[in-house]
Amino acid sequence: MKSAPFVYHAPKTVDDAVAELAEFGPLDGRVLAGGQSLVPMMAFRLARPTHLVDINSVAGLDRLAVEGDTLSIAACVRHAAFHRSVVSGPTGSLLSAVASNIAHYPIRLRGTFCGSLAHADPASEWCLTAVTLGAEIVAASRRGRRVIAADDYFEGMMVTALAEDELLLEARLPLLAPDTHFGFYEFSRRAGDYALAMALVTFRLRDGVIVEPRVGVGGAEARPRRMAKAEALLAGQSAGTETFRAAAEAAADAIDPLEDVHADAAFRLDLVRAVTRRALEQALG
Ligand SMILES: Cc1cc2nc3c(=O)[nH]c(=O)nc-3n(C[C@H](O)[C@H](O)[C@H](O)COP(=O)(O)OP(=O)(O)OC[C@H]3O[C@@H](n4cnc5c(N)ncnc54)[C@H](O)[C@@H]3O)c2cc1C
């Protein structure tokens, strides 16, 4: 099916893009980034934006840079940018490991990190990454710029704190300490499919004891979330099978599972238990 008619805009500057969003956002205007979610939705007429503000020609939005102790990822940085390690140390390795699980190669060449955060699919790997690492999201509009903590940004299934006239300008990821261990484990039916459940974990070790644990679970609920009880069970404990099993159980206990044609509630909880334990084991190495 062809998309419903729309008016196309191609701003060259951020100021022009936000001016167009101020005018057309309230008329169901949308940003076009990689188009890998929006265009299929338009083709199926699940989305019928009246105006498209294509940000691909906006100067500077391909910027990917380390600034102090954060990695700044501007709106048009593609998933494929992370195939190689974009920064030395665990952050670059973690992003490469996660990126290889997103969709298929041609989609990764066009789709963007920030587009994933704007789309906020519960099974998005980048949304899970943003929540687990504690990203900051920078939104720009005619009213100015504001910074939103990832914890406050994801509000529900494909619902975010972004207003209709706001451009998600960049995401800022705090760099992990050099001795950080990480693990990422995703279960999907076929390579490239959306995850039915996935877990991203990080921690540091002091004489075999876990410090600063972070446990994030995605694909299982309406939005990705850190698992506070699992983290509390890990902190200060020896890294090993029993500790990891207890944390994985706590993660599954905390989940209010999505149910769909792919997985009922009981299967999803089993998956959360398994992906959390496996991500922790992977992190220990
Ligand atoms: C077959 C297939 C498999 C896929 N598998 C996966 C997968 O396993 N994991 C996964 O995470 N994704 C998957 N995707 C989606 C893909 O990763 C998309 O690239 C991503 O969801 C959105 O990024 P985009 O840049 O393509 O955004 P677009 O499609 O251009 O936009 C998506 C939405 O976000 C809004 N938006 C985009 N950028 C901004 C911005 N800067 N500011 C404000 N609003 C913005 C748009 O207006 C639109 O509403 C898959 C897609 C396909 C077609």
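Counting starts at 1 for both ligands and their atoms, following the listed order.
Contact between L117 and ligand 1 is absent, with no heavy atom of the residue lying under 4.0 Å from the ligand. Using 4.0 Å as the threshold, D121 has no heavy atom nearer than that to any atom of ligand 1.
Looking only at distances, a side-chain donor or acceptor of T132 sits under 3.5 Å from a matching main-chain atom of L128.
Sorted pairs that involve residues 243-269 and meet ring-ring contact (aromatic ring centres under 6.0 Å, His included), not counting sequence neighbours, are lacking altogether.
For atom 49 (O) of ligand 1, the closest non-hydrogen atom of the protein is R30 NH1, 3.0 Å. Closest protein heavy atom to atom 31 (O) of ligand 1: L38 CB, 3.8 Å. Scanning the protein heavy atoms around atom 47 (O) of ligand 1, the nearest turns out to be V31 O, 2.6 Å. Nearest protein heavy-atom contact of atom 33 (C) of ligand 1 is H119 ND1, 3.8 Å. The protein atom (non-hydrogen) at minimum distance from atom 51 (C) of ligand 1 is Q36 O, 3.7 Å.
Cluster annotation: L168 is not connected to V18 through the hydrophobic network of ILVMFWY side chains, with a link wherever side-chain heavy atoms come within less than 4.5 Å.
A donor and an acceptor atom, one from each side chain of S72 and E170, are located under 3.5 Å apart.
Every atom of ligand 1 with a heavy atom of T112 under 4.0 Å away is listed here by number and element: 23 (O), 24 (P), 25 (O). For ligand 1, the atoms sitting less than 4.0 Å from at least one non-hydrogen atom of G34 are 24 (P), 25 (O), 26 (O), 27 (O), 30 (O), numbered in the order shown with element in parentheses. Interface of A75 with ligand 1, defined as ligand atoms under 4.0 Å from a residue heavy atom, comprises 41 (N). Interface atoms of ligand 1 facing E125, defined by a heavy-atom separation under 4.0 Å, are 7 (C), 8 (O), 9 (N), 10 (C), 11 (O).
Taking CD from Q36 and NE2 from H119, the interatomic distance works out to 11.0 Å, rounded to the nearest 0.5 Å.
Take F184 and apply the ring-ring contact (aromatic ring centres under 6.0 Å, His included) test, not counting sequence neighbours, and it matches no residue.
Between E166 and R146 there is a salt bridge, since a side-chain N of the basic residue sits under 4.0 Å from a carboxylate O of the acidic one.
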